[in-house]
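What follows is one structure encoded as structure tokens, with my remarks underneath.
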Number of protein chains: 2
Amino acid sequence: MSLETLSETRSFGGTQGVYRHASQATGTDMTFAVYLPELALHGRVPVLWYLSGLTCNHENAMTKAAAQQWCDEAGLAIIFPDTSPRGEGVANDEAYDLGQGAGFYVNATQDPWKPHFRMWDYITAELPELVADNFAIDADAMGITGHSMGGHGALTIAMTHPDRYKSVSAFSPIANPTESDWGRKQFTAYLGEDRDSWRAHDATLLMTERGYPGEVLIDQGANDQFLDLLRPESLAHAMMARRQPGQFRMHPGYDHSYFFVQSFMADHVFWHAEQLV
Amino acid sequence: MSLETLSETRSFGGTQGVYRHASQATGTDMTFAVYLPELALHGRVPVLWYLSGLTCNHENAMTKAAAQQWCDEAGLAIIFPDTSPRGEGVANDEAYDLGQGAGFYVNATQDPWKPHFRMWDYITAELPELVADNFAIDADAMGITGHSMGGHGALTIAMTHPDRYKSVSAFSPIANPTESDWGRKQFTAYLGEDRDSWRAHDATLLMTERGYPGEVLIDQGANDQFLDLLRPESLAHAMMARRQPGQFRMHPGYDHSYFFVQSFMADHVFWHAEQLV
């Protein structure tokens, strides 16, 4: 697969790059960002996947999460994929939370989404292979995190493929989408009316049914504007009922913004590094 | 009130003492331990209350929790009270989890416990006054923690008197005693059949109804032998449903013993110090 370099910029000891490629999974051009720490000059480094939330593309976390400093220090690459296919000929919706910018990290089975909205395959299979072929990253040492819809993606992907993702965390995840307006609407559109098909994409249900073999770190702001949609209490209950190793932290005063994500990014990077490096 | 010194021992930069006094609350002699850090030589210091679990007296945590090093470093006093009245003439039961060594930090209203089992009053009122009168501690800067039954006591006391206890944490607390065999039996014995009288002594119910104005730290071992009795998932759900600032940590491999408590004691001492000092 060929890769087009859109930009490469020095950042701390390493390089922040933005790349485009023709995706087989989505049938569209996809743009993503990779930060390589200085350590990658000397060999392959572990990699942290950062999945973004609703309305975001590859750029939001790259510019606002302030992860580069910590990844350079920890010797981790970090990858910021887009959150959906985009462009002409790709289905969309007027709502901010459906369609482009709102892929929800599933493979759509329903029209009109089915042809392009295959973010699960894109994130878990195609893109990891692409970056392993093109960058000095160690595909056997991958962790995954994300924010909001991306936290949902990180948790569901890690619990489904714990063999591939050796560490997992989430910021303010959509924690129980089958019981939330951030979930039911999208799953109905992408996956159809059969709720059984939704179960593989609900972190609370997956936590109850299978959990994760490593420790799980969840950070949540107590002043988050979207707490009723995120349903952190459902995931916290499922974690502790399962005796899932890990921690659930509720931080006073923080909201749903990148100011929150940035405030705890160092904790997450070093959390992953401890398990990956 | 007069105080008898049973022992005083140099420990790190400070002094570990054990004392006895005639308690008005319990109508018995009560023994407790106080560690004063080196800083107490120069003025009054904040104080952390450590409430112990079933079968314990003042001595278990004093000798096995390894708190003195961190309290000396942080400049905190730490107090280890007994867990019940004791001695001849004090009611008891053959079970390890009722009667002497199992006061559950309540004021008993039922016979035969009523005359002496007034641990709530003892811990929250009489003993704080006694130690403020006799040691270089700052009664306006008190935090509270505890293990198992003591974690239950710490949480229920702090949520009831947040004005007095400026910080709170717990190790493996009995988190939802009104729904547990560690709770229903004891509350029936001490408080009677009326379950309404139990509500003031259930951390999950208090968390749901009122919460705590500061951050709450809960540590739990995932290999705890008593998880079904502790019910951490109930408290975790109540915390996150309330958006209670704080964190709930489930630590893989640790059991219910003092090896667990000791492993995370530094975290708790500095957690309290950050809020009290």
Side-chain angles (χ1 to χ4, degrees), chain A residues 151 167-170 172-176 179-180 203-204 207-208 211-256 260 263-264 267-268 271 274-275, chain B residues 151 167-170 172-176 179-180 203-204 207-208 211-256 260 263-264 267-268 271 274-275:
Chain A
S167 58
V168 63
S169 71
S172 326
I174 299 176
N176 189 195
E179 301 297 335
S180 167
T204 294
M207 180 58 69
T208 300
Y212 182 75
E215 296 197 43
V216 175
L217 170 63
I218 311 289
D219 276 323
Q220 174 63 57
N223 289 29
D224 193 310
Q225 306 90 312
F226 303 107
L227 275 163
D228 291 345
L229 293 162
L230 301 172
R231 298 177 59 84
E233 65 276 15
S234 298
L235 179 58
H237 185 273
M239 284 175 65
M240 303 315 163
R242 188 184 185 79
R243 325 323 185 184
Q244 169 65 51
Q247 45 192 284
F248 205 116
R249 309 194 297 186
M250 181 69 70
H251 299 283
Y254 293 95
D255 65 16
H256 199 65
F260 170 63
S263 297
F264 296 94
D267 288 5
H268 285 248
W271 166 275
E274 193 171 327
Q275 292 162 84
Chain B
S167 59
V168 64
S169 72
S172 326
I174 299 177
N176 189 196
E179 301 297 334
S180 168
T204 293
M207 180 59 69
T208 300
Y212 182 75
E215 295 198 43
V216 175
L217 169 64
I218 311 288
D219 276 323
Q220 174 64 57
N223 287 29
D224 192 309
Q225 305 91 311
F226 303 107
L227 274 164
D228 291 345
L229 294 163
L230 301 173
R231 299 177 59 84
E233 64 276 16
S234 299
L235 179 58
H237 185 274
M239 283 175 65
M240 302 313 163
R242 188 185 185 78
R243 325 322 185 186
Q244 168 66 50
Q247 45 192 285
F248 205 115
R249 309 193 300 186
M250 181 70 71
H251 299 282
Y254 293 93
D255 65 15
H256 199 66
F260 169 63
S263 297
F264 295 94
D267 288 3
H268 284 248
W271 166 276
E274 194 171 323
Q275 292 162 84

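Residue numbering restarts at 1 for every chain, and letters A, B, ... go by the order of the sequence lines. Values below: all heavy atoms of this structure, side chains included; hydrogens, waters and symmetry mates excluded.
- For a residue to count as touching a neighbouring chain, one of its non-hydrogen atoms must lie under 4.5 Å from one of that chain's; by this rule E215(B) touches chain A with the side chain only.
- The two residues A241(A) and E233(B) have their closest heavy-atom pair at N-CB, 3.4 Å.
- Ranked by heavy-atom pairs under 4.5 Å with chain B, the first of G253(A), P252(A), G221(A), A236(A) is P252(A).
- For the options Q247(B), R231(B), M239(B), H251(B), heavy-atom pairs under 4.5 Å to chain A are most numerous at Q247(B).
- The side-chain heavy atoms of M250(A) and R243(B), taken from C-beta on, include a pair separated by under 4.5 Å.
- Interface remark: of the candidates P232(A), P245(A), A222(A), P245(A) forms the most heavy-atom pairs closer than 4.5 Å to chain B.
- Between chain A and the options Q244(B), R242(B), Q220(B), heavy-atom pairs under 4.5 Å are most frequent for Q244(B).
- The number of heavy atoms from other shown groups lying within 6.0 Å of CD (E274(B)) does not exceed 12.
- Residue pairs that meet the ring-ring contact (aromatic ring centres under 6.0 Å, His included) test with at least one member in residues 228-248 of chain B, sequence neighbours left out, are H237(A)-H237(B).
- For D228(A), the parts sitting under 4.5 Å from any heavy atom of chain B are the backbone and the side chain alike.
- The ring-ring contact (aromatic ring centres under 6.0 Å, His included) test applied to F226(A) returns W182(A), H256(A), not counting sequence neighbours.
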